[in-house]
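As structure tokens, the structure follows; a few thoughts come after it.
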Amino acid sequence: MGRVATLLLLRHGRTTANADGGLAGRQPVELDDTGRAQAAAVGERLRGLPLAAVVTSPLIRCRQTLELALPQAVPIVEDGLIECGYGAWEGQPLRKLAKEPLWPVVQQHPSAAVFPDGEAMAAMAARAVAAVRSWDARLTAEHGPEAVWLACSHGDVIKAIVADALGVHLDLFQRIVADPASVTAIRYTPLRPFLIRLNDTGGDLSGLVPPPRRKRRRTARAESDAAVGGGAGAAPR
């Protein structure tokens with residue numbers, strides 16, 4: 001699969017709202033001490049990766065994460081990666097929200113969930129997927145199919161992008177986990193996306209860099225084919 005670009009989805013580090021059990025939404029909550037440590041730690045794992053671009057949600061917790069993780073990077077703000085608009089739910093304790101009639105819908109049928117004075121979860125998923133697919137195509141065209149790029153965003157946004165990559169309905173996206181400062185990797189191909197890593201909070205990331213292109217030209221079909229039997233994994237570096 002060395003002929004397709006690689007997207008690294010980074011969730012921001014833990015925030016004060018995460019620690020207090022609240023729903024931050026689009027409020028300007030910042031990283032707490034744990035979140036800052038998480039951001040610095042993931043920066044060590046990302047160090048040395050040839051990132052063609054770093055794209056981020058406009059919210060401060062994502063920008064703080066990147067400042068600590070990748071201080072030399074110049075992130076590009078992408079509004080399509082902003083947190084879901086939870087509307088009147090923002091700033092509320094999760095234990096209180098769990099008593100709301102909408103809560104079971106969010107848990108069991110999120111594609112039908114529309115937050116009061118806020119955004120529909122389906123709309124969030126659509127604009128997030130559109131954003132990463134657009135950036136992926138653009139960066140592949142500009143930097144070649146070995147391009148590796150990073151997008152820093154939020155838990156529900158990342159889960160929605162993963163659900164799309166897996167080809168599962170949004171109603172199943174609550175089965176996916178994206179922890180603070182975790183890395184998830186996706187490669188898009190003409191036929192299907194491949195989920196390479198999910199919710200990785202401690203592994204070596206160097207194997208996500210595609211190997212140099214071989215002289216023998218691979219077809220779009222070959223790039224999109226799954227390895228029958230599981231394949232050999234990433235080449236040793």
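Note that the structure is predicted; figures quoted are calculated from it, not measured. Numbers here simply count residues along the sequence, with the first being 1.
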CD (Glu30) and OG1 (Thr65) are apart, to the nearest 0.5 Å, by 11.0 Å

For Arg127 and Ile82 the tightest heavy-atom approach is NH1-O, 2.6 Å

Just by modelled atom types, is the Gly202 backbone N or O under 3.5 Å from a matching donor or acceptor in the Asp200 side chain? yes

Practice prompt. Kindly assign one of parallel, tilted or perpendicular to the pair Phe115 and Trp89, based on the angle between their ring planes and the thresholds 30° and 60°.
Written response: perpendicular

So CG of Leu195 and CG of Asp164: to nearest 0.5 Å the spacing works out to 11.5 Å

With Trp149 as partner, the option from Thr140, Val132, Val54 fulfilling side chain to side chain contact (heavy atoms under 4.5 Å, CB included) is Val132

Q. For His12, does its backbone N or O pair with a side-chain atom of Gln64 as donor and acceptor, under 3.5 Å?
A. no

Measure from the side-chain N and O atoms of Asn18 to the backbone N and O of Thr15, and report whether any donor-acceptor pair falls under 3.5 Å. yes

Residues passing the salt bridge (Lys or Arg N to Asp or Glu O under 4.0 Å) test with Arg11, sequence neighbours excluded, are none

Check this for me: Asp33, atom CG, are more than 12 non-hydrogen atoms of other residues, nucleotides or ligands nearer than 6.0 Å?
no

Side chain to side chain contact (heavy atoms under 4.5 Å, CB included) test vs Leu150 passes for just one of Leu46, Thr56, Val183, namely Leu46

To the nearest 0.5 Å, atom CZ of Arg14 lies from atom CZ of Arg61 at 14.0 Å

From the list Ile158, Val55, Leu59, side chain to side chain contact (heavy atoms under 4.5 Å, CB included) partner of Leu81 resolves to Val55

